[in-house]
Amino acid sequence: MTAFTVFIAPGGRADGVLAALTDLSAAGIVDGFGWIADPAPDVPIDRLTVVDAGLAADVRLDQFVTTQRITVLRVCSLVPAYDGDRRLSIPAEVAVVSALATATAAGAVVRIRCLLTGPQGCAADLDGSLVEGWHNIIVSPEDSRGPDFGRVPTPEDPSPAALGRTAAPAVAGVCGLWSGLEHAPLDGAAVLPGRVVRLARSYYRRLDTAAAEATLRRQVLAQDGEFPLPGDQRTRVVYVDDVGMAAHSMANALWRKHGDVLRGPRLPYETETVATLGGWAALKMFFGFLWAAIKNAPSAWYNKMVSNAAGRMAAQVQQAVFSEGNAAYEVVVRGRRADGGHADWREIGAASGHLSDTMTGHHPQQEAAADLSGVWQDYARAAMTLGDAGDRSGDLPAIRVGAARGIVPRSQDAVPGSAERFGDIPGVVAAAVGFDGVDATDALGITDLRNRLGELQRDRDLGLAAGSTLTALAQWQRAHAHSFGAQVGDQLAQAFHHCNREVAHLWEKLRNAQPAPEAPPSDLRLARWVQVTVAVLVVLAAVVGYLGYKEVIGVWTAVGIVVGAIVAALVCLAVAFVNIQRKLFALIHQRASVTSEQRIDQQNLQTALSDLRRLSRAYGQFLSWSRAIGGFLAAPLGPDTHTDRAPVPIAWGLPMAAGLGAVVPDDTETATAAGYLRRDLFHPGWLTDSWDKLLAAGAPQQFGYEFASTSSALWTDPGRGSGSGLDRWSSDLFGGALTSTGAELVWQESLGLLGGSMAALAGRLVGAVAVAVAGGPTVPVADFLGGLERPAAPAGSFPTTLLTDTAVAGSGARVATDLRHSSRIGLGVVCAATQFSDALVSDQIRSGSAGAAPETGWAATAAPAPDEGPPPLFKPAIGPSDEFRAPDLGKGFEF
């Protein structure tokens, strides 16, 4: 609070002003104020009555000022200027102002004296009621629709209620009490020097457009699952005719970009070719065999030649299955848990990781999870592009429909939300199958549910209900299978099934692999011949050597015999080696082929297990992101939580100077305006801002780092069923616990358009006004406002009944100051105008006694009986009578 007004007044006729101001406060028309009744000059002020929203409370002054920040204090003394009415003493007023100024420590104090009188004139001692240094104001005893309209006089001797009815709005305008409006004409105004007084009158209009705005707001912010057609000056946007084809094209584009997520690289089998054995290789093989035969180790040479890697691979697979991975093997290959139930995708993914770790000897969780954030960012971009035709990725362009861009008509065509979830499962069936529902994007869940329902059909008690549920599931799936989210999930599920079947096939192939063929026993006879030949050659060499030593034969002859024998033996053995070991060469080739195939199978198995683990993680993330995106697209602006305060019903009683009216909505004009607004508000790519705000709300911003939607931690969190931040956030979005918050911003932008480039639409929306009184007429808005919303030069005059002939001749009744202010409240307006005359001295004010008829011949006619209803607002007013009942203080009001 920066400004506060306190009224001081004697008891009696002025109490009607307090009652009327309290009623206006209850209706939300005037701001809160304070009231001090009958202060005494020698008694310190320690309490005041504070009126706010129609409720009055008696509070201590020190408690009030210590809880409020008051920079401008207005103190208004109400002075009944009727003969015989009691007034406050000047010392009492001064003491109150001094006490309030000291207690509030206000930077500015505005002192106002409002003299209340009738058209007959003021009391004879008017000069004693004027105080220098104060704004001395006589509230003009008149009532009129506006400065340019005719007027009627107020009663000459009004009751408190009648005085409050006409004087309270004028006092509120002079003291700046109108709510929602910066209209305080005396704040900052210089006090006229001397003991002078000015005439004043005030007008007020409040045009309530809550009903029209609510109707327009509902249509502009409509989020019934329909995507608005974005407006774009460069290209035309239309709804696609074939939703399924558009979604399929976008899904293919997504997986074309991220195909490595669905399937990793596989090693091809080696092409079987006949290897050419070179001469040197053949010699090395032959002499290696000879040496192995001499060492009596031909089997070691054979094993070295053919290798036993395939046997080790098979043994490793067997160990993985029968040692630590038997249960995991059953889950992955057989698709069954230990209890015989179907294994779902989470269990298969966890089991594949366990088998992979067992085979490689890695510690569980040692392998880092794949970063799939790019996939889900593109998934969100593609879904939003289908809804608003925005340019977000060159690899995921908007759907083309001829030369135009295309969008899908409904949010469920992009990514189905919670409204499209299948939950038509009877309780007993749900308990039996373990499903209470399934998302439209959950292809693996739908398959699992279908399988379980198929098995349950064989149950004698639940078979019929299971069959009905299965039929409903099939119909529901067909209805949503064309959506983009369902097609993305279907391709991911197909990749998961294919990878699972591949893993099962490779496991069975390696598990049941036959060991490489062993060397036949006949192939070892050559080794014996080698050993015998070597022994004969040794004996021959010894005999020939001895004969040479005894000189029976010559040395060279001996050498020739030995060398010839060795060469002949080698030639014979080589010929025999080639002839006899042909089967060995074929066996080596066969063993090499088996080894190569099993090595490739094992590496492909490792890759497939990694794919299966990655696809399981990807599927969980996909389900969470589908929930988040589906929940967002169903209501991208969030719920419209705005509620207008219900106005307090007002019966007749307000003067013509203060008017309340409500715009009468026109359905045709509202629909037209909503169409134009939606075209300008929703441009291609309009979904991005709201989505980024949701991401920012889902992951707290790290200190020192500016938030970026692509760096949110949610993109890498585990998905459905993990309890991660992504899982909780997406579930909240899907269930409606968390929503977007863009509705109010879009509405404010709508109001900006209606106040700017689309002002013509606003004029058509605000056409007719129903005057807010019982039975009030419907009038054009211009007639209702009376020009008060526009600045105007001072013009017109005040009633001359209060002025002497000299004052009238001197233009004392002329309007010298005209202050007007207006404020927009949505499409409505609050406006006020306060007019002042030039300074007048007391001698220029006519004095009169109560009951004396004014010289102008005005006559204050009696008000109609209560059962006759209110007088028309825009016809000559009828002065109120004593039949008006002032409400009890603090209980609001009823006019």
Side-chain angles (χ1 to χ4, degrees), residues 29 119 137-154 165-174 176 178 181 183 185-186 198-208 654-663 763 766-773 776-803 807-808 810-824 828-838 840 854 856-861 870-879:
I29 299 175
I137 304 297
I138 295 179
V139 177
S140 182
E142 60 174 295
D143 190 13
S144 65
R145 291 174 53 191
D148 301 326
F149 294 86
R151 53 182 174 256
V152 295
T154 60
R165 172 182 177 272
T166 56
V171 171
V174 170
W178 297 122
L181 188 64
H183 180 76
L186 296 181
R198 289 186 290 173
L199 297 176
R201 61 189 178 191
S202 187
Y203 304 93
Y204 174 77
R205 294 290 186 275
R206 187 183 188 96
L207 179 60
D208 182 21
L654 282 176
M656 291 186 294
L660 305 179
V663 171
V766 186
V769 179
V771 179
V773 296
T778 299
V779 299
V781 64
D783 289 349
F784 173 76
L785 295 177
L788 299 181
E789 80 282 7
R790 300 186 302 270
S797 62
F798 289 92
T800 59
T801 56
L802 285 177
L803 304 179
V808 173
S811 301
R814 182 178 60 86
V815 173
T817 303
D818 191 329
L819 299 176
R820 304 188 182 194
H821 296 87
S822 64
S823 175
R824 305 295 304 188
V829 64
V830 178
C831 54
T834 302
Q835 296 180 328
F836 298 95
S837 69
D838 278 330
L840 301 169
T856 58
W858 284 9
T861 56
L873 182 63
F874 297 110
K875 292 182 179 180
I878 299 175

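Reckoned from all heavy atoms, side chains included, excluding hydrogens, waters and symmetry mates.
In terms of heavy-atom proximity, Ser837 sits nearest to Arg198 at O-CD, 3.2 Å. Ala793 approaches Asp818 most closely through the heavy-atom pair O-OD2, 4.3 Å. Of all heavy-atom pairs between Leu840 and Gly812, the closest is CD2-CA, 4.0 Å. Of all the heavy atoms in Arg201 and Ser140, the pair that sits closest is CB-CB, 4.2 Å. When all heavy atoms of Glu142 and Pro799 are compared, the pair lying nearest together is OE2-CD, 2.9 Å. Heavy atoms only, all atoms of each residue included: Gly787 and Arg820 are closest at O-NH1, 3.0 Å.
Ring orientation note: the planes of His821 and His183 are nearly perpendicular, at an angle over 60° on the 30°/60° scale.
Taking CD from Glu789 and OG from Ser823, the interatomic distance works out to 13.0 Å, rounded to the nearest 0.5 Å. Once rounded to the nearest 0.5 Å, the distance linking CG of Asp838 with OG1 of Thr817 reads 7.0 Å. Between the CE atom of Met656 and the CG atom of Leu654 there is a distance of 12.0 Å, given to the nearest 0.5 Å. From Ile29, atom CD1 reaches atom CG of Leu181 across 12.5 Å, with rounding to the nearest 0.5 Å.
At least one side-chain heavy atom of Pro119 sits less than 4.5 Å from a side-chain heavy atom of Thr154. The closest side-chain heavy-atom distance from Phe784 to Val663 is not below 4.5 Å. By the 4.5 Å heavy-atom criterion applied to side chains, Ser202 and Pro169 are not counted as neighbours. Side-chain contact check for Arg165 versus Asp143: some heavy-atom pair is nearer than 4.5 Å. At a threshold of 4.5 Å between non-hydrogen side-chain atoms, the residues Arg206 and Trp178 do not count as touching. Side chains of Val815 and Pro147 form no contact here, defined as non-hydrogen atoms less than 4.5 Å apart. At least one side-chain heavy atom of Leu199 sits under 4.5 Å from a side-chain heavy atom of Leu803. Between Arg205 and Arg145 there is a side-chain heavy-atom pair separated by less than 4.5 Å.
With sequence neighbours left out, the side chain to side chain donor-acceptor pair (under 3.5 Å) criterion links Ser144 to Tyr203.
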| request: Please report the C-alpha distance between Leu660 and Asp208 in whole Å, then the side-chain angles of each, then the deciding distance to 0.1 Å, and finally whether the side chain to side chain contact (heavy atoms under 4.5 Å, CB included) criterion is met. | output: CA-CA 7 Å; Leu660 305 179; Asp208 182 21; over 6 Å; no
